[in-house]
Structures are given as structure tokens and as C-alpha cells.
Amino acid sequence: PVAAAVTITIAGSAVQDVVFMDAPELSGSGKNFLDKYRATYGTDPVNEYDAAARYDSVFILSNAFRQCNDDTTCIKNFLYNMDWYNGTMGRYKFDQNGDVVGIDFALKVVQNGSFVIYIE
């Protein structure tokens, strides 16, 4: 990913073996989304996970607006009570606090100039 390359270029060897929490790798429809993105724009998104999240959010909010128009309380309740959504990031929904449920994060490590999975 572009963001990883920039980080490693700037930080160099200072980040070797640093373990950090990151978004999970995209799979399934997420990979299809990335293929279409690359075909359309001729490049990778700066952050694959963020691009997928924004893509999903447009469709989720579109569903909310169709049901609620501009009623913000209705939109909030729609999101909190939304059924499982199958999107580019995977299968997920929001809990009573508005936090995402169903998407786990991954531990990654910087090794030899790349971000690699440390623990899934």
C-alpha cells in the first residue's frame, strides 16, 4: 500500500521490527473493489482499508437517507439497529455505542521494508 511505502521511506530502519495494530487485509468483495479502483484510476488508493470504508459508508448512508430523509434521530437509530452489512470491508454492523462489530484488527510488524502480518 502507498501509505506503508511512505512511512517506511521516511522512517527507514527506525521502524524495523515495530509491531502495531492495523486494519485487516481486504478479501472477497474488498479485493474486487480494489481491482475496480485500480482499473478506474490506474493506481492504488493511498490507504486501501480507508477507501473501502468510505465506499461502504456511501451505501450505508444512502440506505439510511432513503428510509429517514433528513431526520437525524432516525438516521442514528437506523445505524445503531442496522442488520449485518456485507460490504467491501467484510460483514459488520454497529453496536449500541455506534462502534463497528464484526471487523477485527490485525497486528503487523515492519520487516525488511514491508508491513507483514504479525498475528491475525
Side-chain angles (χ1 to χ4, degrees):
V2 176
V6 170
T7 300
I8 291 169
T9 298
I10 292 170
S13 63
V15 293
Q16 177 66 22
D17 297 323
V18 169
V19 177
F20 61 98
M21 186 178 291
D22 196 17
E25 300 294 317
L26 295 176
S27 62
S29 63
K31 289 288 186 192
N32 293 336
F33 164 76
L34 292 175
D35 290 342
K36 290 178 183 177
Y37 186 100
R38 289 180 188 112
T40 300
Y41 300 106
T43 187
D44 288 330
V46 171
N47 184 305
E48 294 174 355
Y49 188 81
D50 283 348
R54 299 316 152 246
Y55 183 84
D56 282 357
S57 67
V58 167
F59 288 97
I60 291 170
L61 287 173
S62 174
N63 292 336
F65 289 134
R66 273 193 215 107
Q67 181 174 321
C68 300
N69 294 312
D70 61 353
D71 180 343
T72 56
T73 300
C74 178
I75 292 169
K76 177 183 121 182
N77 291 332
F78 176 91
L79 295 173
Y80 284 3
N81 297 303
M82 183 179 84
D83 198 11
W84 290 95
Y85 182 77
N86 293 308
T88 59
M89 297 188 323
R91 185 173 182 267
Y92 60 97
K93 66 179 187 171
F94 303 101
D95 68 12
Q96 68 276 6
N97 299 314
D99 296 322
V100 174
V101 176
I103 298 176
D104 293 325
F105 289 89
L107 282 180
K108 294 183 181 178
V109 62
V110 180
Q111 290 183 341
N112 301 318
S114 297
F115 292 173
V116 297
I117 298 294
Y118 184 71
I119 297 175
E120 289 190 84

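Every heavy atom of this structure was used, including side-chain atoms; hydrogens, water molecules and symmetry mates were not.
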State plainly whether one hydrophobic cluster holds both [X] and [Y], where clusters connect Ile, Leu, Val, Met, Phe, Trp and Tyr through side-chain heavy atoms under 4.5 angstrom apart.
{"X": "Y80", "Y": "V100", "result": "no"}
{"X": "V116", "Y": "M21", "result": "yes"}
{"X": "Y41", "Y": "V46", "result": "no"}
{"X": "M89", "Y": "I117", "result": "no"}

[X] side chain near [Y] side chain, heavy-atom distance below 4.5 Å:
{"X": "Y37", "Y": "Y55", "answer": "no"}
{"X": "F115", "Y": "T7", "answer": "yes"}
{"X": "Q111", "Y": "D17", "answer": "yes"}
{"X": "P45", "Y": "D50", "answer": "no"}

Using modelled atom types and a 3.5 Å cut-off, is there a donor and acceptor pairing between side-chain atoms of [X] and backbone atoms of [Y]?
{"X": "S29", "Y": "G87", "value": "yes"}
{"X": "N97", "Y": "D99", "value": "no"}
{"X": "D71", "Y": "T73", "value": "yes"}
{"X": "N81", "Y": "N77", "value": "yes"}

Non-hydrogen atoms of [X] and [Y] that approach each other most closely:
{"X": "W84", "Y": "V101", "answer": "CZ3-O, 3.5 Å"}
{"X": "F33", "Y": "A51", "answer": "CZ-O, 3.7 Å"}
{"X": "Q16", "Y": "G113", "answer": "OE1-N, 4.2 Å"}
{"X": "Y49", "Y": "A23", "answer": "CG-CB, 3.2 Å"}
{"X": "I75", "Y": "F65", "answer": "CD1-CE2, 3.2 Å"}
{"X": "T88", "Y": "L26", "answer": "O-CD2, 3.5 Å"}

Go through D56 and Y92 one step at a time and tell me if the side chain to side chain donor-acceptor pair (under 3.5 Å) criterion holds. CA-CA 11 Å; D56 282 357; Y92 60 97; 2.9 Å; yes
Once rounded to the nearest 0.5 Å, what's the spacing between atom [atom1] of [X] and atom [atom2] of [Y]?
{"X": "S27", "Y": "N32", "atom1": "OG", "atom2": "CG", "value": "10.0 Å"}
{"X": "K108", "Y": "E25", "atom1": "NZ", "atom2": "CD", "value": "3.5 Å"}
{"X": "Y85", "Y": "L79", "atom1": "OH", "atom2": "CG", "value": "12.0 Å"}

With a 4.0 Å cut-off, would you call D83 and K93 a salt bridge? no
SB check E48 K31 (cutoff 4.0 Å): no
Should we say atom CG of D35 is surrounded by more than 12 heavy atoms from elsewhere, each under 6.0 Å from it? yes
Under the side chain to side chain contact (heavy atoms under 4.5 Å, CB included) test against Y118, which residue among V110, D22, L107 passes? L107
